[in-house]
Amino acid sequence: MSRLPPAWFLFLFAPLTAEYVSGSSPYMNPFVLVANLLLYGAGTLLIRELRVRWGKGWLTVFILAAAYMVAEEGLMLNTLFDPTKNTTGRALGVNWVWTAGMLVVHSLVSIFAPILLAEAIYAERASESWVKPRSFWWLLTAFAANVFGLGRLIAPTNRPGMICFLVEAAFIGGCFWLAKCAPAPRAKIGDGKSERSPAWLFVGSLVGMAVTMVVNFAAPTLAIPTVAKVVVMLAIFLAFLGWLRRSGIFRPGLDPLSKLAGASGIISFWILVSPLTSFGKGNPGPVCFGLLVAVLLVSVRQRLRKRFPIPLK
């Protein structure tokens with residue numbers, strides 16, 4: 001991986017867990033692969049570049065992840081508004097429970113974990129820009145063309161009216177404004193080591209991801225009001241983010257092994273459930289991609305342990 005530029009690694013890795021280990025995308029369709037790369041790869045790279053260029057922290061990443069979610073699930077795939085699918089808690093033309101679930105998954109799995117993993121692997125360049133200005137605009141153009149072009153081919157029916165489009169545009173614009181106005185991270189503390197061991201961070205992130213997803217799967221089935229379902233889902237999500245913050249995962253200059261542990265915990269949940277996903281989908285795709293990502297994570301850990309000392313706790 002040392003020969004692969006960090007931007008290319010992030011571009012290629014970003015769709016793996018969210019789409020292929022999870023079984024969300026057909027793994028034998030090259031057309032879908034290209035679409036996923038232009039969506040997840042370009043989107044995740046753009047978010048990281050904005051965070052670095054603006055000199056911001058992880059709060060900016062999560063705010064932009066919300067904008068990304070609306071771009072993919074709203075503008076492109078129309079799952080937020082489709083009256084024929086995922087309609088639990090539908091009101092005012094919006095599938096609210098589905099929207100909350102997509103915010104959680106895309107924030108953690110599509111955006112945060114891939115960036116954290118890439119910055120662990122390319123530790124020496126973690127604070128640098130990985131994309132040249134001209135390439136940035138090419139990525140943005142490709143992302144927009146994918147959303148507005150391919151999206152109309154994939155989900156041409158049941159589109160909401162112009163008002164919903166304007167609300168989506170306003171929401172995305174508001175997210176960009178909030179992300180740019182978010183406070184910059186504090187200066188590095190000490191040597192950048194976490195107070196917790198990488199093993200502790202890995203287990204905690206894995207358990208946190210598991211609890212978050214169990215609640216996301218279970219909440220829509222509960223006999224409680226829609227507002228309560230959404231509140232419960234978002235409360236658990238925010239609690240997990242709070243745990244990550246208290247554990248030092250969001251700390252500027254965090255050591256690579258701790259970054260790897262946090263990213264691996266989130267990703268490993270999907271690896272562990274990939275056999276069930278394969279059984280449910282009736283194909284070996286999720287298991288095969290899960291094994292591929294597991295081998296990658298183990299390989300990265302071995303390399304980082306040789307390059308960096310393991311914090312003694």
Side-chain angles (χ1 to χ4, degrees), residues 10 12-37 39-41 43-44 65 68-69 72-73 76-80 82 84-88 95 97-117 154-155 202-222 229 232-233 236-237 240 260-300:
L10 185 55
L12 296 171
F13 181 83
L16 271 180
T17 303
E19 289 296 324
Y20 295 101
V21 179
S22 71
S24 298
S25 285
Y27 65 100
M28 295 295 289
N29 190 324
F31 179 76
V32 173
L33 173 61
V34 172
N36 283 333
L37 287 172
L39 186 66
Y40 291 89
T44 305
Y68 172 91
M69 183 277 294
E72 177 180 343
E73 303 295 340
M76 183 177 181
L77 301 178
N78 194 43
T79 64
L80 306 186
D82 192 338
T84 65
K85 300 176 182 178
N86 310 305
T87 57
T88 300
N95 302 323
V97 174
W98 175 260
T99 299
M102 288 298 96
L103 174 62
V104 172
V105 172
H106 283 304
S107 296
L108 292 170
V109 186
S110 306
I111 307 298
F112 173 63
I115 294 176
L116 193 64
L117 175 62
I154 294 177
F202 170 78
V203 173
S205 297
L206 173 59
V207 172
M209 189 72 228
V211 171
T212 301
M213 292 313 303
V214 167
V215 170
N216 267 259
F217 287 129
T221 67
L222 299 178
K229 294 178 182 180
V232 168
M233 294 167 70
I236 295 299
F237 170 55
F240 184 31
L260 174 65
S264 297
I266 293 172
I267 295 169
S268 292
F269 166 78
W270 300 93
I271 296 174
L272 291 175
V273 301
S274 62
L276 295 176
T277 307
S278 280
F279 179 79
K281 296 287 183 178
N283 68 67
V287 166
C288 292
F289 281 102
L291 290 174
L292 174 65
V293 173
V295 170
L296 171 66
L297 296 178
V298 171
S299 174
V300 169

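The basis for the numbers below is simple: all heavy atoms, side chains too, and nothing from hydrogens, waters or symmetry mates.
Heavy atoms only, all atoms of each residue included: Ile111 and Ser107 are closest at CB-O, 3.8 Å. Across every non-hydrogen atom of Tyr20 and Pro26, the tightest pair is CE2-O, 3.9 Å. Scanning all heavy atoms of the two residues, the minimum distance from Thr44 to Ser110 falls at OG1-O, 3.2 Å. Of all heavy-atom pairs spanning Tyr40 and Ala14, the tightest one is O-CB, 3.7 Å. The two atoms that bring Pro114 and Leu108 nearest to each other are CD-O, 4.4 Å, heavy atoms only. The two atoms that bring Phe269 and Leu206 nearest to each other are N-CD1, 3.5 Å, heavy atoms only.
A donor-acceptor pair under 3.5 Å links the side-chain atoms of Thr221 to the main chain of Ala218, judged by distance alone. The backbone N or O of Met233 lies less than 3.5 Å from no partner atom in the side chain of Asn216, so there is not a single donor-acceptor pair. Looking only at distances, a side-chain donor or acceptor of Ser264 sits under 3.5 Å from a matching main-chain atom of Leu260. Here the side chain of Ser278 pairs a donor or acceptor atom with the backbone of Val287 at under 3.5 angstrom.
Met209 places a side-chain heavy atom less than 4.5 Å from the side chain of Val109. Residues Val104 and Ile236 form no side-chain contact, since every pair of their non-hydrogen atoms from C-beta on lies 4.5 Å or further apart.
Aromatic ring pairs are classed by plane angle as parallel below 30°, tilted from 30° to 60° and perpendicular above 60°; the pair Phe289 and Tyr27 is perpendicular.
How far CH2 of Trp270 is from OG1 of Thr277: 7.5 Å, rounded to the nearest 0.5 Å. Rounded to the nearest 0.5 Å, atoms OG (Ser22) and NZ (Lys281) are 7.5 Å apart. In this structure, OH on Tyr68 lies 13.0 Å from CG on Leu103, to the nearest 0.5 angstrom. Taken from CG in Leu16 to CG in Leu296, the straight-line distance is 8.5 Å, to the nearest 0.5 Å. In this structure, the separation between CZ on Phe13 and CD1 on Ile115 is 12.0 Å, given to the nearest 0.5 Å. Here Ile266 contributes atom CD1 and Phe240 contributes atom CZ; the two are 4.5 Å apart, rounded to the nearest 0.5 Å.
No option in Asn86, Leu80, Thr79 other than Leu80 meets the side chain to side chain contact (heavy atoms under 4.5 Å, CB included) test with Thr99.
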Query - Stepwise side-chain contact (heavy atoms from CB on, under 4.5 Å) test for Leu37 and Leu12 - result: CA-CA 7 Å; Leu37 287 172; Leu12 296 171; 4.2 Å; yes
Query - Residue pair Glu72, Leu77: steps toward the side-chain contact (heavy atoms from CB on, under 4.5 Å) verdict - result: CA-CA 6 Å; Glu72 177 180 343; Leu77 301 178; 4.0 Å; yes
**Report entry** Pair Leu33-Glu19, side-chain contact (heavy atoms from CB on, under 4.5 Å): steps then yes or no
**Finding:** CA-CA 9 Å; Leu33 173 61; Glu19 289 296 324; over 6 Å; no
**Report entry** Test log, rule side-chain contact (heavy atoms from CB on, under 4.5 Å), inputs Met213 and Val273
**Finding:** CA-CA 11 Å; Met213 292 313 303; Val273 301; over 6 Å; no
